[in-house]
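For reference, the structure discussed in these notes is given below.
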Number of protein chains: 2
Amino acid sequence: MAPCPPHQDTRSRLIESAILHFAAKGYDGTGIREIAKGANANSALVTYHFCGKEGLFLEALKAVFSRKTSPLAGLQPPLPAGAPGARQAALEGLRAYLRAFITELMFCDARDPVDEAAMVLMAREMQSPSEASAPVLMAHVEPYVTYLMACLFLLRPDLDEEALFLMGTSIQGQVLHFRNSLGIIRLLRGNPAFPEDLEKLIQHFIDFSLRGLGVPEAFPQPRN
Amino acid sequence: MAPCPPHQDTRSRLIESAILHFAAKGYDGTGIREIAKGANANSALVTYHFCGKEGLFLEALKAVFSRKTSPLAGLQPPLPAGAPGARQAALEGLRAYLRAFITELMFCDARDPVDEAAMVLMAREMQSPSEASAPVLMAHVEPYVTYLMACLFLLRPDLDEEALFLMGTSIQGQVLHFRNSLGIIRLLRGNPAFPEDLEKLIQHFIDFSLRGLGVPEAFPQPRN
DNA sequence: GACTGTTTCAAACGATCGATTAACACTTGA
DNA sequence: TCAAGTGTTAATCGATCGTTTGAAACAGTC
């Protein structure tokens, strides 16, 4: 049982190659020799540095999740319920939240294949998390849920908790489904680079969500 | 090159076991001996009946998609664009579509673990379709997309094709995400039988979708 | 009962899997 | 200078992979 100490050069090269290969062919579909070859390293180093294939996979996952700083960091926390301007702040907060959420999910440097692969890997883990990766995943997702629900409560104080939860599920769901089903969506559109205009995509999700939530400001033309 | 003729008994037993195992551990994570054992059959029969593991996987996928009669069967096709009452018909069509879609998705799991596994398998393929499975997947999804898009076009003729496609993606996405993430959602709510009131759920998805789409009838209270 | 074709089986095949080993190069501190 | 420790390597391990094989079991036909 080696303590898996670091030698950053080959370690990080192995992790990078692992992200690429695990994203392309999945955990079981990828062999450690393949990964090692992609890193110009010997396959025995996987066991030496990471205590085995699964250890390397977890390190790759951690690297993926810590690749970007959380986009929630720049967001104002919602004002308390009674405060003046709380509703307007929550409205802007929800808009900013969706923008940050979508940007993090969708935006990746097309010129950086590792970034692209990291997104694929993350999407796969979010859909069917392995037992080992669940904690890492939940810790990453939890602040999003909390922030979203706080905004929803301020925007629709007339709804009960279950109704608000369904609202949140629908808002998150449309975005996550889009991300998780990009494969077939691109097939349906016959465009392998489909979401070409990220801003248009963000605007759609914001408008659809605010209308679905029942926020009057977002509705196009109030019936006379 | 065997012509792969049928002997329905073992064939279907193998397919059923394949659905369960492929859903649980993925294509690469599942061995044919494992599948064969689950079907009380010999692993050589996989090659004999399906020309190999990949053939069995494709047959399993086909079986998944043809497992139920399409919920679209009972729906009226939307009227042509110019026809009188076409918009109202499309509105009702969309409501009926969502009701049928949700009902089918929500009722499939508890009774039959194979049905549950089929959903997992389908979701995985939708996320990252293998080259071989893409045609099967597309053929199954296409009528849903067509019907939904026809309704959306009648309800929002002012939008261009891409905007309508995003609307459809959001509408389908919230429902599919809810279904595919039921496990996590039930954990979040601390209620293992969460969607206890199916009618309430259906009503939420219909209302959220129609508002998100921008249909005035669904909006609660126009601002004065 | 012999012939034909289909279905099933146990056994084995070569390939590849993740993991281990022993040797080697190199640095470091005593 | 030497012993210890670290990083890397090729070679090899047993296990398991998907597939192939040859024969047994079964059905139907003459």
Results of side chain to side chain contact (heavy atoms under 4.5 Å, CB included) for [X] - residues two or more places apart only:
X: B:Ala44; answer: B:Asn42
X: A:Val114; answer: A:Glu16, A:Ile19, A:Leu20, A:Arg67, A:Asp112
X: A:Arg186; answer: A:Leu182, A:Phe194, A:Pro195

Closest approach to the side chain of [X], judged atom by atom: which nucleotide of [options] is it?
X: B:Ala41; options: D:dT9, C:dA19, C:dC9; result: C:dC9
X: A:Ile32; options: C:dT8, D:dT9, C:dA19; result: C:dA19
X: A:His49; options: C:dG18, C:dT8, D:dT8; result: D:dT8

### Query
Between A:His204 and A:Phe208, what is the ring plane arrangement, given parallel below 30°, perpendicular above 60°, and tilted in between?
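Correct class here is tilted.
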### Message
Tell me whether the side-chain N/O atoms of B:Thr10 come closer than 4.0 Å to OP1 or OP2 in C:dT8.
### Response
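Result: yes.
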### Query
Quick one: is D:dT8 close enough that its OP1 or OP2 comes under 4.0 Å of any side-chain N or O from A:Tyr48?
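False: A:Tyr48 side-chain N/O out of range (4.0 Å or more) of D:dT8 OP1/OP2.
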Rounded interatomic separation in angstrom, taking [atom1] from [X] and [atom2] from [N]:
X: A:Asp28; N: D:dA15; atom1: CG; atom2: P; answer: 20 Å
X: A:Asp9; N: C:dC26; atom1: CG; atom2: C1'; answer: 15 Å
X: B:Lys53; N: D:dT19; atom1: NZ; atom2: P; answer: 8 Å
X: A:Asn40; N: D:dG7; atom1: CG; atom2: P; answer: 19 Å
X: A:Glu34; N: C:dA15; atom1: CD; atom2: P; answer: 18 Å
X: A:Phe50; N: C:dA19; atom1: CZ; atom2: P; answer: 13 Å
X: A:Leu45; N: C:dA25; atom1: CG; atom2: P; answer: 17 Å
X: B:Leu56; N: D:dC17; atom1: CG; atom2: C1'; answer: 15 Å

By side-chain hydrogen bond (donor to acceptor under 3.5 Å, both in side chains), which residues pair with [X], not counting sequence neighbours?
X: B:Arg189; value: A:Glu161
X: A:Asn191; value: A:Glu196
X: A:Arg99; value: A:Glu199

### Query
For the rings on B:Phe205 and B:Phe178, is their centre-to-centre separation under 6.0 Å?
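Under 6.0 Å, so yes.
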### Query
Quantified as the angle between the terminal helix axes (five pairs each), what is the overall bend of the helix from C:dG1-D:dC30 to C:dA30-D:dT1 to 10 degrees?
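Computed from the C1' atoms at both ends, the axes differ by 20°.
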### Strand-adjacent residues in residues 17-27 of chain B, judged by heavy atoms under 4.0 Å from DNA chain C
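Heavy-atom contacts with DNA chain C come from no residue of residues 17-27 of chain B; none.
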### Partner set under ring pair (Phe, Tyr, Trp, His ring centres under 6.0 Å) for A:Tyr27, not counting sequence neighbours
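Once residues adjacent in sequence are excluded, the partners of A:Tyr27 under the ring pair (Phe, Tyr, Trp, His ring centres under 6.0 Å) criterion are A:Phe22, A:Phe57.
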### Message
Test of understanding: with ring pair (Phe, Tyr, Trp, His ring centres under 6.0 Å), list the residues that count as partners of B:His140, not counting sequence neighbours.
### Response
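Per chain and number, B:His140 pairs via ring pair (Phe, Tyr, Trp, His ring centres under 6.0 Å) with B:Phe65, B:Tyr144.
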Between the protein and nucleotides 10-13 of chain C, which nitrogen or oxygen pairs come in under 3.5 angstrom?
unit_1 : atom_1 : unit_2  : atom_2 : d
C:dA10 : OP2    : B:Asn42 : ND2    : 3.3
C:dA10 : N7     : B:Asn42 : ND2    : 3.2
C:dA12 : N6     : B:Arg33 : NH2    : 3.4

### Query
Counting only N and O atoms by type, is there a donor-acceptor contact under 3.5 Å from the side chain of A:Arg179 to the main-chain atoms of A:Ala123?
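Not a single qualifying donor-acceptor pair exists.
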### Query
Quick one: salt bridge (charged side-chain N to carboxylate O under 4.0 Å, His left out) partners of A:Glu34, sequence neighbours excluded?
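Salt bridge (charged side-chain N to carboxylate O under 4.0 Å, His left out) check on A:Glu34 returns A:Lys25.
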